[in-house]
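I have placed the structure first, in the form of structure tokens, so that the comments after it can refer back to it.
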Amino acid sequence: MIRIENVSFRHRATPVLHDVSLTIPKGGVVALIGPNGAGKSTLLSLVARLQPLQAGAISVDGLPVDTTPGRDLARVLAILRQDTAVASRLSVRELVGFGRFPHGRGRMTGEDHALVAAAIARFDLGDLSDRLIETLSGGQRQRALVAMAFAQGTDYLLLDEPLNNLDMYYARALMRALRTAADADGKTVVVVLHDINQASAHADRIVAMKGGRIVADGAPAEILDADTLEAVFGFRMRVETIAGTPFALHQL
């Protein structure tokens, strides 16, 4: 369980998060949505201890993120940031293998190699596994980075806008792979998304943020409501339900 209690955060003099509390039980896919500047990425980075806590408390399976040793935390949760930088001369297989670093500190075992191969297969990277990162398209590189996070083998997977640079086919494929990770592997996936329809189609729960606060939290059918979406994003959308799933139509 991820427990976030009364978390506030400032960037210099600018408030970013205001007294945010949220509990995420184990298992399933939780999507964080909201306009730019809502605080979604900041909240994710605080959970992963990429930024220091300023106020409040966060724990993952009872481990306080601000005091737990980094190696121990890395065995529990993995995060993919928006701005991950990697060496261009790495192959895809080598990059994905970095996900195993918290476990063996670079000494790969047979089990590690098997987990890397499984991550490559899960995210449809088999044909690219020997390619150098510098030769990949932005979307291919993004999939390799998600596979690296998955290969870390943690119960919690935090992804900040993983659909960036992905076309419609691979965005759908990636969300389906994350859905499978939750359903078949028992992962807890927390993902920041700008595409609310992908959130509706694949998440169990949607948490909507605006202005550094949580303004709505519930199942997709509860959040994809014209009034709720207008309160979050500031304009009216038409919502239609197709095969039991609500979708927002962005009217021009």
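- When the side-chain hydrogen bond (donor to acceptor under 3.5 Å, both in side chains) test is applied to T109, the partners found at least two apart in sequence or on another chain are D112.
- Annotation: side chain to side chain contact (heavy atoms under 4.5 Å, CB included) contacts of D227 (sequence neighbours excluded): D225, R236.
- The neighbour count for D72 CG, taken as heavy atoms of other residues, nucleotides or ligands under 6.0 Å away, is above 12.
- Partners of R176 under the side chain to side chain contact (heavy atoms under 4.5 Å, CB included) rule, at least two apart in sequence or in another chain, are R172, H202.
- Among residues at least two apart or in separate chains, side chain to side chain donor-acceptor pair (under 3.5 Å) pairs with a member in residues 148-158 are K26-D155, D61-Y156.
- When the side chains of ILVMFWY residues are joined at heavy-atom separations under 4.5 Å, either directly or via intervening members, L145 and L44 end up in two distinct hydrophobic clusters.
- Evaluation of the ring pair (Phe, Tyr, Trp, His ring centres under 6.0 Å) test over residues 14-52, restricted to residues two or more places apart or in two chains, returns none.
- Closest heavy-atom contact between V92 and A144: CG1-CB, 4.2 Å.
- With sequence neighbours excluded, the residues satisfying side chain to side chain contact (heavy atoms under 4.5 Å, CB included) with H113 are M108.
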Scan the side chains in residues 162-169 for donor-acceptor partners under 3.5 Å anywhere in the protein, sequence neighbours excluded, and list what turns up.
from, atom 1, to, atom 2, distance (Å)
D167, OD1, Y169, N, 3.1
D167, OD1, Y170, N, 2.9

Which donor-acceptor pairs under 3.5 Å do side chains of residues 1-15 form with protein atoms, sequence neighbours excluded?
from, atom 1, to, atom 2, distance (Å)
N6, ND2, D19, OD1, 3.1
S8, OG, D19, N, 2.8
R10, NH1, A13, O, 2.9

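- With sequence neighbours excluded, the residues that form a salt bridge (charged side-chain N to carboxylate O under 4.0 Å, His left out) with R122 are D185.
- Under the salt bridge (charged side-chain N to carboxylate O under 4.0 Å, His left out) criterion, D217 pairs with R205, sequence neighbours left out.
- Judged as a salt bridge (charged side-chain N to carboxylate O under 4.0 Å, His left out), and not counting sequence neighbours, the contacts of D204 are R179.
- Qualifying side chain to side chain contact (heavy atoms under 4.5 Å, CB included) partners for N197, counting only residues two or more places apart in sequence or in other chains: D195, L224, F247, A248.
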